[in-house]
Amino acid sequence: MTRGGGNMLGVGGTRQHLGRKALRGGGPAGRIGGGTDPQAKKRALLRTLEEQREARREDDAEKENG
């Protein structure tokens, strides 16, 4: 078997040559391995913060009325 042979089945299949853009986080999924989208993370964080604020406002309103 040659060192640089085209048969790479023993090492987990064929390798994909990645371009510079893919290595730096560009591409369809944003990152290699399907990492999460930074904008989606930010939206989820803002949503949870807003829910916490709303719950705190409701608790404060109940304390004033009750």
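- In summary, of the residues considered (R56, E51, E58), a side-chain contact (heavy atoms from CB on, under 4.5 Å) with E54 occurs for E58 alone.
- Partners of R47 by salt bridge (Lys or Arg N to Asp or Glu O under 4.0 Å), not counting sequence neighbours: none found.
- Take R57 and apply the side-chain contact (heavy atoms from CB on, under 4.5 Å) test, not counting sequence neighbours, and it matches E50, R53.
- Residues satisfying the side-chain contact (heavy atoms from CB on, under 4.5 Å) criterion with L45, sequence neighbours excluded, are T48, L49.
- With sequence neighbours left out, A40 forms a side-chain contact (heavy atoms from CB on, under 4.5 Å) with D37, R43.
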